[in-house]
Amino acid sequence: MIAEVITDVSAHPVDRPFDYLVPQRMETVIERGARVKVPFGNRKVLGFVTGFKEQSDIPVNKLRPIDELLDLEPVLTGEMLDLADWMKRETLCFEIDALQVMLPSALRAKYEKVIHVLEPDRIGSEAAGIIGSRNAVALKEFPERLLPSLKRLSQEGAISIETGIRQRTSIKKERVLHIAGPENLADVREGIKKSAHRQAALIDWMLAHAGETIPTRDVMELTGTTRATVKALLEKGAAAETEVEVYRKPEVGLLDEAGGDPVMLTDEQADAVSRISRAADEGREETFLLHGITGSGKTEVYMQVIRRVLEQGKEAIVLVPEISLTPQITSRFKKRFGPLVAVMHSGLSAGEKYDEWRKVQRGEVKVVVGARSAVFAPFRNLGAVILDEEHESSYKQEDSPRYHARDVAIRRAEMHGCPVILGSATPSLESFARAHKGVYTLLTLSERAKQQPLPEVRIVDMREELKNGNRSMFSVDLAEAIRDRLGKGEQTVLFLNRRGYSSFVLCRDCGTAVQCPNCDISLTYHRASERLQCHYCGHEEPVPLICPECGSEHIRFFGTGTQKVQEELHRLFPEARVLRMDVDTTRQKGAHEKLLRQFGDGEADILLGTQMIAKGLDFPNITLVGVLSADTMLRLSDFRAAEKTFQLLTQVSGRAGRHEKEGQVYIQTYAPEHYAVELSKEQAFEPFYAIEMANRKRFSYPPFYYITLIRFSHEDLMTVADTAEKAVAWLAGKLGGDTVIIGPTASEVARVNNRYRYQCLIKYKKEPKLAGVLTDLVKIYRSSWMKEGLLMSIDMNPSSIS
DNA sequence: AGCACGCCGACT
DNA sequence: GTCGGCGTGCTC
């Protein structure tokens, strides 16, 4: 028997199956989707078995046998193997990367060079000291200067150096005692000496638990005995001890959140649930776009659909943008479905992620709530896939494999015959257009579940404020409203869109901001470290006292960071209790939940934060939302700038007045007349959609055209410009007449890490040859450009082109 | 001659 | 990606 194996080597020439002999002993147990350790060149690597055959095209003498079978139960299902193949074609990634992204990182291999001692007498004294009595030692334990002598010893055959493969995170195990039957225990009891009080006590306790299986640790705790005592009885046969796999218990940090019980649905909600349920009942693949204004109760729809799916004995996946940012929604699912729910998000340790994954694999849970990669949850009988906030850009992975969770969800739903639900108050234009065309089924929730009115939204023109001499970041009106809420004991959320607007250091004499030495971008001032940082390459330097350009002492901080806003808040409202939520204050594990809980418990008057507070926040006492600078995003040179701005403003506004008290929203902007700002006021999605669609059509952008972005980078500006030019000329000759190629142009940030960046954009409606043409382009890249130090990357359907 | 370094191709 | 093989060129 011959196995086809995809090896854990991410490179072009080996991006295909390799044939291996299956040793006799493995023949009956090896399965597709199992991990194996195989010889590859002169080392050992991990691989995935993707298929079997009887004959190989490779001469038999070149075939080598599989070294070791790592999984008796395959880690990947047949569906996953097919999915990887599909992803490879769709995103032009390596198959191994597609396979790896489906698994928790704990199952990925960690390679380590290990020396095996063959002839101990020939090893020098220093190395021998490190080795001691062991016969296999990790190479990294030796100091660097010993490496030449170890190499020599290896050549002489005194030691051998091999690559060992270790699982990254150990499977957590626990010792359990299988207590013997009463007769056996009685026998053992007889033989215990009078002086052995402890043993006597323990065996008496065991008599009361004869035949049971109990964790050793618990037994020791309950009886107040030590391991020595337990061991003594083990030897006498009173119990047997084994190890079982146990799960780590991640801190779920349940918020005090309603949602335990199903609630009465509005007519619209009930209709949505019944139409989705029908598709689920009939095992029909159908994609629904659930368009519901903020506060319209989309989550309740999801939960009732899931209940239906569970009743059919099937499973469900719920994707949320970045779950650690929205602990509220997880809490609701946990409350409703209890132990049937697994949670997967970036806040968990590798071990915890593995444990959650195992629960799914073993069929112990039926619902997964998680971020992007949870779309690969290894369910075998999927009944529904839900993407909440489907417009969120975090569903697209930014590095290889550049997949979109929405596409994977729909693909899996096709394979399982089940509905997909895309939910949003502000759907992406792509999805809404598909719903219009009838590709997706549109379900609309137009009223808020608790019948609250939408918050009143006021747009504040900051240019007027400037004219009137107000140079503060708070307009007179917003400051007044904050004061009012402080007086009434109600809560305020202040939102600062930091993107492109963070604090930088500016010289007032020459007008330049301090630049990163490696990238064409201004450095950002970080208060916590009192240093300047580059967000692209990580470069860090102390804050200069004089301008590095002109030597002037007139340098000052410019821009608005959350820390600066906090200081100003403190100055304006010394009595206000302010919680700040941004990357700096939420870095610690569980910090999100903690801050949100504090705010929910009324421990603060004002919550000040960035993007991360735009979603999911739902507290009754919030009656004021302030957006400090609505239009910073509009300045991005990206075709989605208006869409993102509209989405963000609508989401943020939706945080106010979700319960009994009415809400009010202030949006501060320098571009009050922009349609994205103007229309977010009434959550007027359809009018916004109409205008934005017209613009997209005019400029040939999605959803009217598909786009593919190709990026080039090189240390030398001329080289990258020339190569990009060559690539575009080559593409132009191969692609159809309706296809438009924009560029090459220098990227928005033209230099990162001392590499110059160029890009070109391909716009097309129908281009069946594209995948093939791009594959050929990659071949040209590999055979010549790559060797000159050029890097090229291709992103099919990028979520951003800036 | 002896070895450091960089490039190239193979990996079943 | 990572390794060894092999060529070049430098030093003793």
Side-chain angles (χ1 to χ4, degrees), chain A residues 1-24 26-27 30 32-70 81 84-85 88 92-101 103 105 107-116 138-140 144-145 147-157 159-166 168 399-401 714-716 719 778-793:
Chain A
M1 184 158 76
I2 287 159
E4 294 181 299
V5 175
I6 298 285
T7 57
D8 179 20
V9 181
S10 213
H12 273 112
V14 291
D15 181 30
R16 61 197 161 83
F18 281 72
D19 293 349
Y20 285 89
L21 296 167
V22 178
Q24 196 98 55
M26 290 180 200
E27 277 195 359
I30 194 165
R32 280 181 85 209
R35 291 174 306 155
V36 286
K37 185 170 144 191
V38 290
F40 197 66
N42 46 5
R43 60 209 164 113
K44 300 274 197 309
V45 297
L46 190 123
F48 294 92
V49 177
T50 56
F52 298 102
K53 53 189 181 186
E54 289 307 319
Q55 289 289 311
S56 174
D57 301 336
I58 305 298
V60 193
N61 56 27
K62 279 190 86 179
L63 290 179
R64 298 164 77 181
I66 292 172
D67 225 48
E68 201 180 321
L69 175 64
L70 280 91
L81 296 175
D85 194 55
K88 176 181 179 171
L92 303 176
C93 68
F94 299 137
E95 192 153 355
I96 186 67
D97 290 331
L99 292 169
Q100 300 271 32
V101 80
L103 295 174
S105 62
L107 291 178
R108 275 172 230 166
K110 192 181 154 203
Y111 297 96
E112 191 178 54
K113 282 194 185 162
V114 178
I115 72 155
H116 294 265
L139 192 64
K140 66 165 187 259
E144 209 149 298
R145 66 200 144 73
L147 292 187
S149 68
L150 288 172
K151 208 170 181 183
R152 203 173 326 112
L153 284 171
S154 155
Q155 276 161 4
E156 291 165 2
I159 60 171
S160 72
I161 302 178
E162 279 171 38
T163 346
I165 300 179
R166 271 215 322 231
R168 280 214 185 161
D399 43 81
S400 182
H714 196 275
E715 286 176 359
D716 178 57
T719 311
V778 171
K779 279 184 194 148
I780 301 176
Y781 160 64
R782 273 201 290 137
S783 61
S784 60
W785 306 336
M786 198 171 86
K787 295 181 177 138
E788 283 140 38
L790 184 116
L791 286 177
M792 183 180 90
S793 73

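Residue numbers begin at 1 in each chain, while the letters A, B, ... track the order of the sequences.
Taking atom CG on A:Asn42 and atom C1' on B:dT12, their separation rounds to 14 Å, with Å as the unit. When rounded to the nearest whole Å, the span between CE of A:Met786 and P of B:dC7 equals 13 Å. Remark: P of B:dT12 and CG of A:Asn61 are 12 Å apart, rounded to the nearest angstrom. The interatomic distance linking A:Phe94 (CZ) with C:dG1 (P) rounds to 7 Å, in whole Å. Rounding to whole angstrom units, CG of residue A:Leu63 and C1' of B:dT12 are separated by 6 Å. Between the CZ atom of A:Arg782 and the P atom of B:dA10 there is a distance of 13 Å, rounded to whole Å. Counting to the nearest Å, the P atom of C:dC3 and the CG atom of A:Asp8 are 14 Å from each other. The distance from atom CD1 of A:Ile58 to atom P of B:dA10 is 13 Å, rounded to the nearest whole Å.
Of the candidate nucleotides C:dG1, B:dC8, C:dG4, C:dG1 has the atom nearest to the side chain of A:Pro13. Closest contact between the side chain of A:Phe18 and the listed nucleotides B:dC8, C:dG4, B:dC11 involves B:dC11. Nearest to the side-chain atoms of A:Arg16 among the listed nucleotides C:dT2, B:dT12, C:dG4 stands B:dT12. Side-chain atoms of A:Arg43 lie closest to C:dT2 of the nucleotides C:dT2, B:dC11, B:dT12. Each of C:dG1, B:dT12, C:dG4 was ranked by its minimum atom distance to the side chain of A:Arg64; first place goes to B:dT12. The side chain of A:Phe40 sits closest to B:dT12 out of B:dT12, B:dC8, C:dC3.
A salt bridge links A:Asp19 to A:Lys53: at least one charged side-chain nitrogen sits closer than 4.0 Å to a carboxylate oxygen.
For the pair A:Lys113 and C:dC3, the criterion of a side-chain N or O lying under 4.0 Å from OP1 or OP2 is met. Residue A:Lys62 has a polar side-chain atom (N or O) positioned under 4.0 Å from OP1 or OP2 of B:dC11.
Within 6.0 Å of CD in A:Glu112 there are more than 12 heavy atoms belonging to other residues, nucleotides or ligands. Within 6.0 Å of CD in A:Glu788 there are more than 12 heavy atoms belonging to other residues, nucleotides or ligands.
With hydrogens and angles ignored, the 3.5 Å screen pairs no side-chain donor or acceptor of A:Arg35 with any backbone N or O of A:Leu46.
A:Lys44 approaches A:Tyr111 most closely through the heavy-atom pair O-CE2, 3.6 Å.
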